[in-house]
Engineer: 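One structure, as structure tokens, below. Some questions next.
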There are 4 protein chains.
Amino acid sequence: MSGIHERHTGAAATIRKRPGRPRDPIAEQRILDAAINEFLERGAARFTMDGVARRAGVGKSTLYLRWADRDALLVESVRARSRSIEAVDTGSLRGDLIQLTTNLLRFLLEPVGYATFRITVDAVANPAYENVAKELAQRHRHAARRVFERARERGDAIDEAAVDPVVECLYGAVTMQVLNRGLGRPFASDSDLATRCTSTVDLVMRLLEP
Amino acid sequence: MSGIHERHTGAAATIRKRPGRPRDPIAEQRILDAAINEFLERGAARFTMDGVARRAGVGKSTLYLRWADRDALLVESVRARSRSIEAVDTGSLRGDLIQLTTNLLRFLLEPVGYATFRITVDAVANPAYENVAKELAQRHRHAARRVFERARERGDAIDEAAVDPVVECLYGAVTMQVLNRGLGRPFASDSDLATRCTSTVDLVMRLLEP
Amino acid sequence: MSGIHERHTGAAATIRKRPGRPRDPIAEQRILDAAINEFLERGAARFTMDGVARRAGVGKSTLYLRWADRDALLVESVRARSRSIEAVDTGSLRGDLIQLTTNLLRFLLEPVGYATFRITVDAVANPAYENVAKELAQRHRHAARRVFERARERGDAIDEAAVDPVVECLYGAVTMQVLNRGLGRPFASDSDLATRCTSTVDLVMRLLEP
Amino acid sequence: MSGIHERHTGAAATIRKRPGRPRDPIAEQRILDAAINEFLERGAARFTMDGVARRAGVGKSTLYLRWADRDALLVESVRARSRSIEAVDTGSLRGDLIQLTTNLLRFLLEPVGYATFRITVDAVANPAYENVAKELAQRHRHAARRVFERARERGDAIDEAAVDPVVECLYGAVTMQVLNRGLGRPFASDSDLATRCTSTVDLVMRLLEP
DNA sequence: TTATAAGCGAGACGGTACGTCACGTCTTTAG
DNA sequence: CTAAAGACGTGACGTACCGTCTCGCTTATAA
């Protein structure tokens, strides 16, 4: 970890006074774009560093200067594209849950979204993906937590013990639907997708009644 | 594809009348055993055909004569070992569901079981896995269906409309637990695992009340 | 040599009462035809047993039952097609030598003929070709010997000590011409080829004068 | 073919301006050494790329980066070792021819030398060998030409028209002797070999008298 | 101004595995 | 009881990536 693959130098405090040529800030984005295209066109298994370097018009050394290995770049390129699905606030618990569930389902039905799921799945066996998987899980958990916090603030009567299992069921149900359906056969319409989510939410919400 | 990689010659009718040396039936099992060991020891990513051939004391050509490629063999070796988790009959709906859920969770926490899950996940993007994924889904669906059939036969009052969503939630909840937990950190004890499943089942069973 | 790869069962005397399934009499010719085609189309290096078997519509064991190995079949298929070039009798030594030389040159410029030469060349390093090479050398030597025998019978005055070296030079010169020329660039005409041989013969014949 | 397997970058003018890591000049020699050893120990047929790579301590990709295929490397390694047989200057035409012929015969009786001959023979049917064959032929032709040039400079009386056929006969005769003799049965002694060449030269030299 | 440090594109390098292909053997059933 | 069919063990082929390395630059800070 000693200065190699440092990416989140972040902090404006360290204004960076290191000698030597600074990293090309444009290259970073070109590489991530190339990587996500490589991923979308060829899939995770056939995603290659040589391919990304060629697409980005960049030497392989530049890739390995910034990312430790293939997995790291693959993960980051996918993560960079995974749009935020957490922003949800409809004014009611039911509305929020429907929105959340619909967002998740829609997200998982896109290549990039599904890729984040696959990364989570692979993370169980591949430590390289562990951190991203944790981060993604964190984001989903956080979103759910916010929804229920707001419900509490509004004074809704909720069986607190049921919250976690219900979220688990909701997310799980969405996952099952994606697996059963596949990327190839998306829902007929966006409203069809929403309807499906609505009925699931309406069903499990009964479990929240104290 | 005609006649190549034919594996399910099936039909006892055609007792095999093809001339020439028949495929060694023992080799088949030796290869699958070697393959599953290769898989368990080295993981899916480092699973190699040369390794399997060496372990099985078999030529690579024999492998490629029977399986189209690395993925096909990997999938089949895993599938061959995925023990039947469907056999469930405790006498009550609640008992059956708990048993079913516990079996599934325990299965998914083993390397082979988790591999079948990964195959299902990959199948969404990789047509090569489609058939196996369908077969696995079929087996799970069948098991659940049997449980509810028996409940109906016993005269249990069930909200039929809720059956499918409930199963979806149950299986989904188990999946979520596996993903959140990882293979590395199994449950403290088998009873701990069972307790967890019991509470989940008890929760969602409320949705089946008419 | 004990009954394996027996090929010249010949002699009608042995009417053949050997037990067991008789050999398919048609197979032999079909195989040789397939072999020479395989050879002509793909060359000696890419000549394969599987290819011959496929062309002949025959199992590989049928090949190995009759020929010891790839080389044996290759050699025999070529030898079976190498037309006799020895028959020469023009009435004069000069005429005979010109005829002999021309025949040889023409033969070596054909694929099959050149192949016999290559076999001779390979025989130096590959014992499998030894016998054929010897047989071929024998035939050439025999032809030359006959020519000079007839010359002596006609009473021609010949420096006997020069005969062998002259034949060596003649055959060698023809070989050199083939190597310098290549199969791809044959002589403009057949008479051109004959002219070339005539002048060479006329030159070296001076060495035969006592 | 543009720039791939380029080996004779030659021209000192272009001091090498190609970007990227330059090819290791040491590796080249290591590979050729390994290759010639592989060839001498195992013969042309059992000469393998993996073997060469292992001997040279080099990856296979490095081999294929420089040589198009097995044959190309085999040919080049042999060519690199084919010692110069052209350097001949005894002070007389007869001496030069004897020396030249003896050198050639001795060369062809060694594995590497005979291999160059086989390459020439194969070149007739295999375009891949064409260039090497031409180069080798060129070298032999050049050596012969020099010998006769010096003879002319010394004022020897020579029938110019006979020069080419005589050289053809000499080289051809040597070739015939090698073919008749084989690598396995070398001459009893080096002087035996020289005697043989001397008598052949003495014979054909008569043809050079005007 | 000059020296030193690092980034960069290019591509060679040592490896490892892939999937193919051919050889010559072995194990069946066919005749 | 041999012939024929074709699966088998072996092992090399040529390709594709991996992650590292070495070049000759370019671009910055430090002396």
Side-chain angles (χ1 to χ4, degrees), chain A residues 3 16-25 27 46-51 53-54 56-71, chain B residues 16-24 27 45-51 53-54 56-70, chain C residues 3 18-24 27 46-54 57-71, chain D residues 16-25 27 45-54 56-71:
Chain A
R16 161 98 73 62
K17 273 298 175 189
R18 288 190 299 177
R21 176 174 173 177
R23 291 189 179 170
D24 183 345
R46 295 176 53 211
F47 173 99
T48 75
M49 294 300 260
D50 292 78
R54 207 179 317 114
V58 139
K60 277 207 293 176
S61 52
T62 304
L63 264 47
Y64 282 99
L65 203 55
R66 292 158 193 252
W67 291 275
D69 54 19
R70 196 194 89 118
D71 283 341
Chain B
R16 158 105 72 62
K17 279 292 176 194
R18 287 192 299 177
R21 177 174 175 176
R23 291 189 179 169
D24 184 346
R46 296 177 52 214
F47 173 99
T48 74
M49 293 300 260
D50 293 80
R54 205 178 321 112
V58 138
K60 273 206 296 175
S61 54
T62 304
L63 265 44
Y64 283 100
L65 204 55
R66 291 159 192 253
W67 292 275
D69 54 19
R70 197 193 88 117
Chain C
R18 286 192 298 176
R21 175 174 172 177
R23 288 191 181 173
D24 182 345
R46 296 176 53 212
F47 173 99
T48 75
M49 294 300 260
D50 292 79
V52 173
R54 208 178 317 114
V58 139
K60 279 208 294 176
S61 56
T62 305
L63 266 47
Y64 282 97
L65 202 57
R66 297 172 148 94
W67 290 275
D69 54 20
R70 194 195 90 118
D71 284 339
Chain D
R16 157 108 71 65
K17 276 293 174 192
R18 286 194 300 178
R21 176 175 176 175
R23 291 187 180 171
D24 184 346
R46 295 176 54 212
F47 173 99
T48 74
M49 294 300 261
D50 292 80
V52 174
R54 207 178 319 111
V58 139
K60 272 207 294 177
S61 53
T62 303
L63 264 46
Y64 283 100
L65 205 54
R66 292 161 191 249
W67 292 276
D69 54 20
R70 197 193 87 117
D71 280 346

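Remember, it's a predicted structure, so these values are computed and weren't measured experimentally.
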Engineer: So, for B/Met49 and B/Arg70, which heavy atoms are closest and what is the spacing to 0.1 Å?
Structural biologist: SD-CA, 3.7 Å

Engineer: Round to a whole Å and report the spacing from CG of D/Asp69 to P of E/dT20.
Structural biologist: 20 Å

Engineer: Say you draw a straight line from CH2 of C/Trp67 to CG of C/Leu65; how long is it, rounded to the nearest 0.5 Å?
Structural biologist: 10.0 Å

Engineer: Reckon A/Gly57 touches a base, only the sugar-phosphate, or nothing at all at heavy-atom distances under 4.0 Å?
Structural biologist: sugar-phosphate

Engineer: Looking at every heavy atom in both B/Gly59 and B/Ala53, which two are closest together, and how far apart are they?
Structural biologist: C-CB, 4.3 Å

Engineer: When you match C/Lys60 and D/Ala27 each to their closest nucleotide on DNA chain E, which lands nearer the 5' end?
Structural biologist: D/Ala27

Engineer: Rounded to whole Å, please give me the gap between CG in A/Leu65 and P in E/dA5.
Structural biologist: 17 Å

Engineer: Which heavy-atom pair separates D/Arg23 from D/Arg66 by the least distance, and what is that distance?
Structural biologist: CB-NH2, 3.3 Å

Engineer: Which is more 5' along DNA chain F, the nucleotide nearest C/Asp24 or the one nearest D/Arg54? Just name the residue.
Structural biologist: C/Asp24

Engineer: Relative to the 5' end of DNA chain F, which residue comes earlier, B/Ala56 or A/Met49, by the nucleotide with the nearest heavy atom?
Structural biologist: B/Ala56

Engineer: According to a strict under-4.0 Å criterion, is A/Thr62 in side-chain N/O contact with OP1 or OP2 of E/dG9?
Structural biologist: yes

Engineer: Respond yes when some side-chain nitrogen or oxygen of A/Arg23 is under 4.0 Å from OP1 or OP2 of E/dG7, and no when none is.
Structural biologist: yes

Engineer: So, OP1 or OP2 of F/dC8: does either fall under 4.0 Å of a side-chain N or O from B/Ser61?
Structural biologist: no

Engineer: Under 4.0 Å between a side-chain N/O of B/Arg46 and OP1 or OP2 of E/dT16, yes or no?
Structural biologist: no

Engineer: Roughly how many Å is it from CG in A/Leu63 to P in F/dT20, rounded to a whole number?
Structural biologist: 12 Å

Engineer: Heavy atoms from C-beta onward define the side chain here; which of F/dA5, F/dA4, F/dG19 lies closest to that of C/Arg66?
Structural biologist: F/dA4

Engineer: Tell me the interatomic distance from D/Asp71, atom CG, to F/dG14, atom C1', rounded to whole angstroms.
Structural biologist: 13 Å

Engineer: Rounded to the nearest Å, what distance is computed from the CZ atom of residue C/Arg21 to the P atom of nucleotide E/dT28?
Structural biologist: 18 Å

Engineer: Give the minimum heavy-atom separation between C/Phe47 and C/Val52, together with the two atoms involved.
Structural biologist: CZ-CG2, 3.8 Å

Engineer: If I take atom CZ in residue D/Phe47 and atom C1' in nucleotide F/dG11, what distance separates them, rounded to the nearest angstrom?
Structural biologist: 16 Å

Engineer: Nearest-Å distance, OH (B/Tyr64) to P (F/dA7)?
Structural biologist: 18 Å

Engineer: How many Å lie between CG on C/Asp50 and P on E/dC21, as a whole number?
Structural biologist: 10 Å

